[in-house]
Amino acid sequence: NPGFTITFDSKGGTDVPAQNQMYGELLDVPEPPTREGYDFAGWYTDHGCTILWNVEERTIETDMTLYAGWENQD
């Protein structure tokens, strides 16, 4: 069983490789992406970055994509 695939959409930041993890595991938090002029604000479950993935509590249940949230440095 290869488990589930977690892909990361850095939304304009540096690439983050996909991971395979098993059901019930916590996310193996990758090195945060970087993006010029922005600070990384965390991984979100939706493209609009309104639902933050709690890396300390939420477990893997299915294949999914997480989206990088960004805060403008200005």
Side-chain angles (χ1 to χ4, degrees):
N1 181 353
F4 297 108
T5 301
I6 297 86
T7 56
F8 299 92
D9 182 341
S10 65
K11 296 179 67 178
T14 54
D15 287 338
V16 177
Q19 299 178 4
N20 286 326
Q21 291 191 245
M22 301 306 286
Y23 180 89
E25 291 182 334
L26 291 172
L27 179 68
D28 183 13
V29 182
E31 190 72 28
T34 58
R35 182 176 172 194
E36 190 171 336
Y38 293 86
D39 291 322
F40 178 68
W43 292 110
Y44 292 79
T45 60
D46 62 312
H47 193 269
C49 295
T50 60
I51 304 168
L52 183 65
W53 180 267
N54 184 333
V55 297
E56 295 177 6
E57 293 181 10
R58 293 198 58 190
T59 60
I60 306 302
E61 296 178 357
T62 188
D63 293 331
M64 65 180 175
T65 299
L66 293 175
Y67 301 89
W70 298 102
E71 294 177 354
N72 196 322
Q73 290 177 341
D74 293 339

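Values in this document were obtained by computation on a predicted structure and should not be read as measured data.
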Going by the rule side-chain hydrogen bond (donor to acceptor under 3.5 Å, both in side chains), which residues pair with [X] if we only count those two or more places apart in sequence or in a different chain?
| X | result |
| --- | --- |
| T14 | none |
| T59 | none |
| T5 | N20 |
| T50 | D46 |

| task | Indicate, with yes or no, if V55 and Y44 share a hydrophobic cluster defined by side-chain heavy-atom contacts under 4.5 Å among Ile, Leu, Val, Met, Phe, Trp and Tyr. | result | no
| Co-membership, hydrophobic cluster, residues W70 and V16, 4.5 Å side-chain | yes
If the condition is side chain to side chain contact (heavy atoms under 4.5 Å, CB included), which residues does [X] pass it with, not counting sequence neighbours?
| X | value |
| --- | --- |
| E25 | Q21, M22 |
| N72 | Y38, D74 |
| N54 | E56, E57, R58 |

| request: Go through the steps to decide whether E61 and Y23 satisfy the test side chain to side chain contact (heavy atoms under 4.5 Å, CB included), and finish with yes or no. | output: CA-CA 5 Å; E61 296 178 357; Y23 180 89; 4.0 Å; yes
By ring-ring contact (aromatic ring centres under 6.0 Å, His included), which residues pair with [X], not counting sequence neighbours?
| X | value |
| --- | --- |
| Y67 | H47 |
| F8 | W43 |
| W53 | none |

| message | So which atom in C49 and which in G69 form the shortest heavy-atom distance, rounded to 0.1 Å? | response | SG-CA, 3.8 Å
| message | I need the minimum non-hydrogen distance between S10 and G13, along with the two atoms involved. | response | OG-O, 2.8 Å
| field | Residue of the set V29, L66, D28 for which side chain to side chain contact (heavy atoms under 4.5 Å, CB included) holds with Q19 | value | D28
| Intermediate values then yes/no, side chain to side chain contact (heavy atoms under 4.5 Å, CB included), I6 and D63 | CA-CA 6 Å; I6 297 86; D63 293 331; over 6 Å; no
| message | Would you compute the distance between atom CD of Q73 and atom CG of D39 and round it to the nearest 0.5 angstrom? | response | 4.5 Å
| note | Going by chain and number, the hydrophobic cluster around L26 (ILVMFWY, side chain to side chain under 4.5 Å) further includes none
| said: Keeping R35 on the side-chain end and K11 on the backbone end, is there a donor-acceptor pair under 3.5 Å? | reply: yes
